[in-house]
Amino acid sequence: MDNLLTYINSLTAFSQQSWELLQPALSEKHFKKNELLLAEGEHCQSLFYIDSGYCKSYYQMDGAIKNTGFYFENDIATNLNSFSSGEKSAFNILACEPLTAIVFDKNKLFEAAKQAPEIETLGRNCIRLFASKQEEFATLFKLYSAQDRLKYIEEHHPNMLQRVPLSQLASFLGVARETLSRIRKRRTVG
């Protein structure tokens with residue numbers, strides 16, 4: 001939980017009293033590689049702080065997996081729409097390697113937030129950061145070519161290139177694996 005506390009303190013001023021009030025909402029959970037944190041069709045009741053490992057969000061369309069996000073250490077993973085509205089999740093969140101997460105229970109988090117404004121501020125900051133990352137990637141797809149999307153990932157999210165298999169990265173970038181290989185080859189030759 002030390003990493004989480006450091007992360008929280010990087011987002012907002014947070015007292016020891018607020019940390020103690022937050023404890024009942026937190027639990028550490030270990031996921032095996034390919035284990036679901038959240039399944040499509042479930043109601044999202046948690047925010048997942050990634051302590052170690054990484055996970056991805058994805059959905060299936062016409063039998064193909066479409067990767068929509070990757071979450072690494074010190075990221076929050078969730079389905080924001082399902083978490084806030086109570087609707088069923090339209091996608092899955094899957095551990096891509098052995099993963100340890102600190103799970104924020106939605107109901108207990110809301111109860112703690114009623115007792116301490118710092119916890120409410122923390123929740124807003126976590127949601128804001130998560131939404132900002134979602135918007136960043138949505139903009140990437142609206143404005144950039146596949147080659148420019150790859151360049152952006154190289155510059156701003158190099159951990160994706162180091163840890164995510166090429167086929168999954170290609171799906172995330174919206175291109176076939178072969179196309180991504182050609183783009184990478186052209187860039188190393190040129």
Asks: Show the nearest heavy-atom pair for residues Pro24 and Glu20, with the distance to one decimal.
Replies: CD-O, 3.6 Å
Asks: In chain order, what residues pass the ring-ring contact (aromatic ring centres under 6.0 Å, His included) check against Phe72, with sequence neighbours excluded?
Replies: Tyr54
Asks: If two hydrophobic side chains count as joined below 4.5 Å and joins carry through other members, does Leu37 share a cluster with Leu94?
Replies: no
Asks: Do Ile8 and Leu22 come within less than 4.5 Å of each other through their side chains, counting heavy atoms only?
Replies: yes
Asks: Could you pull out the closest heavy-atom pair between Gly53 and Glu97, with the gap in Å?
Replies: CA-OE2, 3.2 Å
Asks: Would you call the rings of Phe14 and Trp19 parallel, tilted or perpendicular, taking 30° and 60° as the class edges?
Replies: perpendicular
Asks: If you round to the nearest 0.5 Å, how far is OG of Ser57 from CZ of Phe70?
Replies: 8.0 Å
Asks: Applying a strict under-4.5 Å side-chain criterion to I, L, V, M, F, W and Y, I'd like to know whether Met160 and Leu180 cluster together.
Replies: yes
Asks: How long is the span from the CD atom in Glu35 to the CD1 atom in Ile93, to the nearest 0.5 Å?
Replies: 13.0 Å
Asks: Looking only at the side chains, is there a donor atom on one of Gln115 and Glu111 sitting less than 3.5 Å from an acceptor on the other?
Replies: no
Asks: Roughly how far apart are Arg149 CZ and Tyr144 OH, rounded to 0.5 Å?
Replies: 11.0 Å
Asks: Could you walk me through whether Ile127 and Thr78 satisfy the side-chain contact (heavy atoms from CB on, under 4.5 Å) test, starting with their C-alpha distance in whole Å, then the side-chain angles of each, then the deciding distance to 0.1 Å, before giving a yes or no?
Replies: CA-CA 9 Å; Ile127 301 275; Thr78 193; 5.8 Å; no
Asks: Side chain of Asp51, backbone of Thr100: donor and acceptor closer than 3.5 Å?
Replies: no
Asks: Locate the shortest heavy-atom distance separating Glu118 from Ser18; write the atom from each residue and the value.
Replies: OE1-OG, 2.5 Å
Asks: Can you name the residues that form a side-chain contact (heavy atoms from CB on, under 4.5 Å) with Ala39, not counting sequence neighbours?
Replies: Leu36, Glu42, Asn92
Asks: Are the side chains of Glu73 and Asn159 in contact, using a 4.5 Å heavy-atom criterion?
Replies: no
Asks: Is there a path of hydrophobic side-chain contacts, each under 4.5 Å between heavy atoms, that joins Leu21 and Tyr7?
Replies: yes
Asks: After noting the C-alpha distance and the side-chain angles of Leu26 and Phe104, does the key distance pass the side-chain contact (heavy atoms from CB on, under 4.5 Å) rule?
Replies: CA-CA 5 Å; Leu26 305 177; Phe104 288 71; 3.6 Å; yes
Asks: Over all heavy atoms of both residues, which pair between Gly174 and Phe141 is shortest? Give the atoms and the distance, please.
Replies: N-CE2, 4.0 Å
Asks: Could Arg182 and Glu178 be called an ion pair, given the rule that one side-chain N must be under 4.0 Å from one carboxylate O?
Replies: no
Asks: Side chains of Asn74 and Tyr49: any donor to acceptor distance under 3.5 Å?
Replies: yes
Asks: Same cluster or not: Leu80 versus Tyr58, using hydrophobic residues (I, L, V, M, F, W, Y) connected whenever any side-chain heavy atoms lie under 4.5 Å apart?
Replies: no
Asks: Answer yes or no: is there a side-chain heavy-atom contact under 4.5 Å between Leu143 and Asp148?
Replies: no
Asks: Just wondering, do His43 and Lys106 contact through their side chains at under 4.5 Å, heavy atoms?
Replies: no
Asks: Between Phe91 and Ile65, is there a shared hydrophobic cluster once you connect ILVMFWY residues whose side-chain heavy atoms come closer than 4.5 Å?
Replies: no
Asks: Should the ring pair Phe137 and Phe172 be called parallel, tilted or perpendicular, given that the plane angle runs from 0 to 90° and is split at 30 and 60?
Replies: perpendicular
Asks: What is the distance from atom CZ of Phe83 to atom CZ of Phe130, rounded to the nearest 0.5 Å?
Replies: 11.0 Å
Asks: Assess the residue pair Cys96 and Val164 against the criterion (side-chain contact (heavy atoms from CB on, under 4.5 Å)); give the C-alpha distance rounded to whole Å, side-chain angles, the decisive distance to 0.1 Å, and a yes or no.
Replies: CA-CA 8 Å; Cys96 296; Val164 175; over 6 Å; no
Asks: If you define the side chain from C-beta out and look only at heavy atoms, does anything of Ser27 sit under 4.5 Å from Asp105?
Replies: no
Asks: Can you tell me how far CG of Leu11 sits from CZ of Arg124, rounded to the nearest 0.5 angstrom?
Replies: 12.5 Å
Asks: With a 4.5 Å cut-off on side-chain heavy atoms, are Lys133 and Asp75 touching?
Replies: yes
Asks: Taking C-beta and beyond as the side chain, do Glu154 and Leu150 meet within less than 4.5 Å on heavy atoms?
Replies: yes
Asks: Specify the closest pair of heavy atoms between Cys55 and Ala95, including all atoms of both residues, with the distance to one decimal.
Replies: CB-CA, 4.0 Å
Asks: Give, for atom CG of Asn79 and atom OG of Ser85, the distance between the pair rounded to the nearest 0.5 Å.
Replies: 8.0 Å
Asks: Using a 6.0 Å cut-off, check whether atom CD of Glu135 has over 12 heavy atoms from anything other than its own residue.
Replies: no
Asks: Specify the closest pair of heavy atoms between Ser82 and Ser89, including all atoms of both residues, with the distance to one decimal.
Replies: OG-N, 3.8 Å
Asks: Would a 4.5 Å heavy-atom cut-off, applied to side chains only, mark Lys142 and Thr139 as touching?
Replies: no
